[in-house]
There are 2 protein chains.
Amino acid sequence: MTIINDSGASLTATIRDVAAAAGVSVSTVSKALSDGYRVNPETRARVKEIAKSLHFTPNRQAQSLHSGRTGTVGLLTSDLDGRFSIPVMMGAEDAFGLGEVSVFLCDARGDSIREQHHVRALLSRRVDGLIIVGDSTNPRDPLSLALPIPVVYAYAPSSSPDDISVISDNVGAGRQAAEHLISSQRDRIGYIAGDPTFRAATDRVAGATASLVAQELEFVGGSALYGGWTEEWGRNAVRHLLSVDSLMDGVLCGNDAIARGVVDALREDGYDVPRAISVLGHDNWELIATQARPPLSTIDMNLEELGRNAARLLFRAIDGDRAIGTHEVKTRLIHRGSTSPKY
Amino acid sequence: MTIINDSGASLTATIRDVAAAAGVSVSTVSKALSDGYRVNPETRARVKEIAKSLHFTPNRQAQSLHSGRTGTVGLLTSDLDGRFSIPVMMGAEDAFGLGEVSVFLCDARGDSIREQHHVRALLSRRVDGLIIVGDSTNPRDPLSLALPIPVVYAYAPSSSPDDISVISDNVGAGRQAAEHLISSQRDRIGYIAGDPTFRAATDRVAGATASLVAQELEFVGGSALYGGWTEEWGRNAVRHLLSVDSLMDGVLCGNDAIARGVVDALREDGYDVPRAISVLGHDNWELIATQARPPLSTIDMNLEELGRNAARLLFRAIDGDRAIGTHEVKTRLIHRGSTSPKY
DNA sequence: CTGAAAGCGCTTACAG
DNA sequence: CTGAAAGCGCTTACAG
């Protein structure tokens with residue numbers, strides 16, 4: 001948008017305005033502003049001076065016509081209101097923003113038609129690459145269009161091994177969780193898992209199971225209890241587990257909502273958390289975890305780091321180095337009040 | 001990024017490739033693809049056919065050199081992880097996405113240096129306009145740079161009356177909350193407010209106070225109790241209020257976290273929510289509100305609508321119609337289990 | 001060291 | 001109806 005003022009000059013100056021004001025040619029202005037070109041130091045100084053006084057900002061759209069790169073990237077999410085995609089996006093935005101690239105945000109709202117539509121729009125803007133961030137850890141179908149630019153799948157991996165994906169190490173997270181309880185001398189551990197249709201739920205259970213087995217332990221009741229991701233499920237399930245083993249001393253939970261339900265039920269039933277029974281969640285949802293009584297120990301997925309990695313992998317791919325395969329980011333134990341040594 | 005295949009043809013076709021393949025001039029292709037130009041129907045059909053087979057997508061960057069508009073807009077947020085900015089952004093993205101405009105996302109992280117940096121980057125990309133999404137309802141200083149493009153402030157209004165701002169009607173929200181309790185035959189109402197340095201806290205109290213006064217009522221203890229936005233504050237404050245008036249029959253809370261603390265404390269102390277004491281929150285944070293026992297009635301700020309309005313106002317401004325001033329969006333009562341008629 | 005020219009991918013009067 | 005030309009804002013060999 002160009003606004004013309006009284007004197008007829010454009011409010012957003014072009015390189016020609018600068019050239020005219022400096023009394024040199026357009027090409028000289030271009031070189032003077034670019035560094036790395038041989039230009040008389042005085043000329044350069046004067047041009048820069050004038051460019052600044054005119055608030056000249058080179059038009060990146062025009063520049064990109066030459067470089068072939070636009071310095072833009074598309075971030076395509078399937079659920080903007082998702083608790084998982086936001087931190088991933090923050091990380092990516094952060095990694096890109098430091099360089100010179102700007103990110104286009106598109107929300108497909110879980111609709112593949114909408115997704116295609118957005119991809120086309122992004123292509124017409126000649127983005128240099130694409131990050132597809134998913135809303136669950138379940139693998140997803142790769143984009144159906146053949147794209148002339150690199151794509152990185154974040155959080156939800158592509159189901160194709162030839163694509164570039166970055167995910168959380170949920171199996172490792174499960175292991176990390178179990179090891180934390182085991183190292184706190186807990187040996188009667190129950191597992192209250194989330195919705196079994198979610199890969200995150202089963203992966204976490206798998207990791208935890210492996211750790212128990214390594215210690216020749218097994219879960220209270222023989223195996224993990226699957227349900228939903230809610231507090232209510234946590235409350236109900238923990239009471240059931242206690243009816244199976246009244247001496248249970250540790251509970252692993254599929255996420256923090258479940259864990260919160262568990263600590264609420266235990267407190268109401270007169271159990272001492274964390275001394276008698278330690279409780280560990282997943283996801284580190286601050287809103288829930290910090291306000292619980294006691295505040296929840298939990299496993300953080302390092303989602304911002306995941307987003308940063310996705311950005312880095314995309315950079316590499318844009319530079320021709322496609323690191324195909326699924327890259328995992330390590331999780332991190334957050335120690336709060338719901339876990340402690342037994343004695 | 002252009003990938004060259006075996007035959008030497010560019011993978012991302014240009015208008016010249018189409019022209020060559022169709023045996024017509026570049027200008028004819030341009031017109032054929034644009035509709036609204038007089039072109040032989042057969043030529044047009046053939047050109048479209050070929051364009052499609054070549055996967056031709058016009059380069060919007062190049063197009064914008066002529067139109068003066070890029071069809072892009074900047075969304076500058078001060079806290080991407082904020083619970084408030086996300087829905088606002090969703091609304092804006094939604095309103096823009098339906099048209100032909102793409103949105104650049106920038107997260108300033110509450111840092112005004114970073115903000116300036118992002119604004120400059122956006123300017124160099126020649127965005128047609130800017131939406132500044134705040135992280136609280138407190139008015140903020142307008143952008144210091146003089147911009148050649150329109151700006152809309154969302155959620156946090158600009159402190160300048162000459163700017164365009166869209167906010168939630170928090171005074172109205174407070175009124176709506178109080179009227180809901182009053183119409184449920186509650187007449188001994190306490191108010192547990194949030195952090196008094198937040199405009200949202202004081203606005204909501206102001207609205208509720210006005211409604212009570214209109215009924216010749218006053219809050220338990222004479223006035224609202226300010227504290228923090230936490231569950232713990234809610235638990236402590238409600239017990240204090242009960243010590244002041246053991247017959248209190250309604251509690252208005254500054255947000256849902258406070259309300260959740262309140263219902264927890266009441267349940268633990270043996271009060272019947274909602275019959276004996278009704279409790280109402282603000283913000284409609286699903287994660288907290290739906291999981292509370294009972295689920296929380298609350299006031300929703302319609303943030304997506306706020307975002308959509310911001311987008312519409314920006315559209316208008318880009319078209320030359322700057323609706324300056326502060327536009328309010330109405331809030332909405334969400335009725336769940338924590339409020340009910342008294343008898 | 002500086003500038004005229006060609007060109008990036010497209011559009012739009014203007015001739016024919 | 002079609003195409004050659006000029007131009008949008010910039011960059012980059014190429015002469016001078």
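Letters A, B, ... are given to chains in the order of the sequence lines, protein chains preceding strands, and every chain is numbered from 1. Since the structure is predicted, the reported quantities are computational estimates derived from the model, not experimental observations.
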Next item on the list: Report, as a single string ordered 5' to 3', how protein heavy atoms within less than 4.0 Å touch nucleotides 11-16 of chain D: B base, S sugar-phosphate only, - not at all.
Entry: BBB---
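Look at CG on Leu65(B): it is 12 Å from P on dG9(C), rounded to the nearest Å. Regarding Arg16(A), its CZ atom lies at a distance of 10 Å from the P atom of dC10(D), rounded to whole Å. For the pair Phe56(B) CZ and dG9(C) C1', the interatomic distance rounds to 8 Å; values are reported in whole Å. Atom CD in Gln61(B) sits about 12 Å away from atom P in dG9(C), given to the nearest Å. For the pair Arg126(B) CZ and dC8(D) C1', the interatomic distance rounds to 12 Å; values are reported in whole Å. One interatomic measurement links the two molecules: CG of Asn59(A) to P of dC10(C), which rounds to 16 Å at whole-angstrom precision. If you take CG of Asp17(A) and P of dG9(D), they are 8 Å apart, rounded to a whole angstrom.
The number of heavy-atom neighbours closer than 6.0 Å to CD of Gln116(B), taken from other residues, nucleotides and ligands shown, is above 12. Around the CZ atom of Arg199(A), the shell of radius 6.0 Å holds no more than 12 heavy atoms that belong to other residues, nucleotides or ligands.
Ion pairing of Asp94(B) with Arg114(A) is present here, as a side-chain N (NZ or NE/NH1/NH2) and a carboxylate O approach within less than 4.0 Å. One finds a salt bridge joining Arg140(B) and Glu115(B) here, because a Lys/Arg side-chain nitrogen approaches an Asp/Glu carboxylate oxygen to under 4.0 Å.
For the atom pair Ile318(A) CD1 and Ile149(A) CD1, the distance stands at 8.0 Å (nearest 0.5 Å). How far CZ of Arg308(A) is from CG of Asn302(A): 8.5 Å, rounded to the nearest 0.5 Å.
Separation of the P atoms belonging to dA4(C) and dG7(D) is 16 Å when rounded to the nearest angstrom.
Thr43(A) comes within 4.0 angstrom of the backbone, heavy atoms only, and of no base.
The base-pairing partner of dC14(D), taking Watson-Crick or G-U wobble contacts with both distances under 3.5 Å, is dG3(C).
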